[in-house]
Amino acid sequence: MDLGIKGRKAIVCAASKGLGRGCAEALAAEGVELTICARTSDVLEATAAEIRKATGAKVTAVACDVTTDAGRKALLAACPNPDILINNAGGPPPGDFKNFSLDDWRKAVEGNMVSPIALIHATVYGMMDRGFGRILNITSYSVKSPIATLELSNGARAGLTGAVSALSRRTVARNVTINGLLPGPFDTDRLRGTSTKLAEVKGVSFDSIHDARKKEVPAGRFGTTQEFGATAAFLCSVYAGYITGQNVVMDGGSFNSTM
Ligand code: NAP
């Protein structure tokens, strides 16, 4: 299925690995011109080269921290008028509410709420003027179902979701949609990293922790970055112009709810 976005320009944040990379690969396969970022330059450049080789797409790599003003400025300088914006960044660290300082809260809100809002603010009006735009915020299923140790993440991501929910109902009249894509457990470095830490704390093997986490998912497995990227690409397609203000959970059935 041709998604109708060949030749469009996309900024995909935090895309050298994991879910961001999955989105970048899927968009590139549709003929979208990419500007991608991550902090670690050599890994980012290697990813950009692999995507170019696999798809023939034009890929510009901007090594930067997207949670900083300077990082976002560099990204927007490389792609001032994107048609597609995929907001993504690393998540705040886990911990105990009791031990979180106000500074921890400020960092979480800055990284996972203010930064994506800043990129939306910088790009959404141009999209509306041009009559096409797709904005996708990669958040987490914790927006719908809070995770005990991830209160910094629960709060900041829910804040972003609330902040754009009314805006998304205004932009859609100009063919600009804003949606959230909410991952449950996906097989990425981040997931493997948290399993490694948990195994160390409990003094058991990585496999025992990782397999137990897998069994908790009704699908009996973790999601793949290809599945995530394909869903993101569809939400950025011409066919998704009637979907806005939605928060699509991708979690193998983990979130237990009738609707
Ligand atoms: P990942 O595999 O660790 O990849 C993270 C990517 O983001 C890397 O390319 C990393 O590169 C980049 N990055 C991180 N912080 C950045 C920053 N400040 N500026 C620019 N690039 C940055 O992680 P993931 O699993 O794809 O997770 C992506 C997001 O989804 C995270 O916010 C995570 O909390 C959330 N999430 C993931 C899952 C899951 O199961 N995987 C579930 C729920 C929510 P550099 O380190 O080089 O910058």
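Order of appearance sets the numbers: ligands from 1, and atoms from 1 within every ligand.
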Which atoms of ligand 1 sit under 4.0 Å from any heavy atom of Ala89?
29 (C), 31 (C), 32 (O)
Just which atoms of ligand 1 are under 4.0 Å from any heavy atom in Thr188?
2 (O), 24 (P), 25 (O), 41 (N)
Is NZ or CZ of Arg192 both nearer than 6.0 Å to the six-membered ring centre of Phe206 and within 45° of the ring axis?
no
Heteroatom distance test (Gly20, ligand 1): nitrogen or oxygen, under 3.5 angstrom
no
Report yes or no: do Arg72 and Thr67 form a side-chain donor-acceptor pair below 3.5 Å?
no
Could you check whether Glu110 pairs with Arg106 (Lys NZ or Arg NE/NH1/NH2 to Asp/Glu carboxylate O, under 4.0 Å)?
no
What is the ring orientation for Trp105 with Phe100, classed by angle as parallel under 30°, tilted 30 to 60°, or perpendicular over 60°?
perpendicular
Sub-4.0 Å heavy-atom contact, Val43 with ligand 1
no
Quick look: Thr139 vs ligand 1, heavy-atom contacts under 4.0 Å, and the answer is backbone
Below the 3.5 angstrom mark, is there an N/O of Gly184, backbone or side chain, next to an N/O of ligand 1?
yes
Say whether Leu19, considering both its backbone and side-chain N or O atoms, lies within less than 3.5 Å of an N or O atom on ligand 1.
yes
Are the side chains of Ile11 and Ile86 in touch, meaning some heavy atoms are under 4.5 Å apart?
no
Using distance alone, determine whether Phe186 and ligand 1 share an N or O pair under 3.5 Å.
yes
Taking atom 43 (C) of ligand 1 as the point of reference, which of Gly91, Pro183, Ala15, Pro92 owns the nearest heavy atom?
Pro183
Taking the side chain as C-beta and beyond, is there a heavy-atom pair between Ile147 and Tyr141 under 4.5 Å?
yes
Atom indices of ligand 1, in the order listed, that fall short of 4.0 Å to a heavy atom of Thr67
18 (N)
Side chains of Asp187 and Thr225: closer than 4.5 Å at any heavy-atom pair?
no
Please write down residue, atom name and distance for the protein heavy atom closest to atom 16 (C) of ligand 1.
Arg39 NE, 3.5 Å
Is there side-chain contact between Leu34 and Leu27, with heavy atoms separated by less than 4.5 Å?
yes
Which ligand 1 atoms, with their elements, are less than 4.0 angstrom from a heavy-atom of Leu191?
40 (O)
Glu227 and Arg221 ion-paired at < 4.0 Å
yes
Are any of the protein's heavy atoms under 4.0 angstrom from atom 5 (C) of ligand 1, yes or no?
no
Indicate yes or no: does Lys17 engage Asp189 in a salt bridge with an N to O separation below 4.0 Å.
yes
Option nearest atom 33 (C) of ligand 1 (shortest heavy-atom distance, choices Arg190, Arg192, Arg21):
Arg190
Ser142 side-chain N/O to Ser145 backbone N/O, donor-acceptor pair under 3.5 Å
no
Who gets closest to atom 20 (C) of ligand 1 by heavy atom: Ser115, Gly18, Cys64?
Cys64
With only distance considered, is Val66 within less than 3.5 Å of ligand 1 through an N or O on each side?
yes
Heavy-atom proximity to atom 8 (C) of ligand 1, picking from Ala38, Ser16, Ala156, points to Ser16
Answer whether the closest heavy-atom distance between the side chains of Pro183 and Met250 falls below 4.5 Å.
no
Do Leu160 and Val114 have side-chain heavy atoms sitting under 4.5 Å apart?
no
Shortest reach to atom 29 (C) of ligand 1 by a heavy atom, considering only Ile138, Asn88, Ile36
Asn88
Is ligand 1 under 4.0 Å from a heavy atom in the side chain of Ser142, in the backbone, in both, or in neither?
neither
Given the side-chain rings of Phe186 and Phe228, with only the six-membered ring counted for Trp, is the space between their centroids under 6.0 Å?
yes
Should the pair Lys107-Asp104 be classified as a salt bridge under the 4.0 Å nitrogen-to-oxygen rule?
no
Does ligand 1 come near enough to Gly90 that some N or O of the ligand is less than 3.5 Å from an N or O of the residue?
yes
Ligand 1 N/O within reach of Thr40 N/O, cut-off under 3.5 Å:
yes
So is there a nitrogen or oxygen of Ser140 less than 3.5 Å from a nitrogen or oxygen in ligand 1?
no
Any Arg157 heavy atom less than 4.0 Å from ligand 1
yes
Please determine if Glu151 and Lys98 form a salt bridge, counting it only when a charged side-chain N lies under 4.0 Å from a carboxylate O.
no
Of the side chain and backbone of Asp65, name the one, both, or neither that has a heavy atom under 4.0 Å from an atom of ligand 1.
both
Per-atom contacts, ligand 1 versus Pro185 - under 4.0 Å to a heavy atom:
40 (O)
Nearest to atom 22 (C) of ligand 1 by heavy atom, Gly111, Pro93, Ala14: which?
Ala14
Within a distance under 4.0 Å of any heavy atom of Asp189, pick out the atoms of ligand 1 and give their elements.
2 (O)
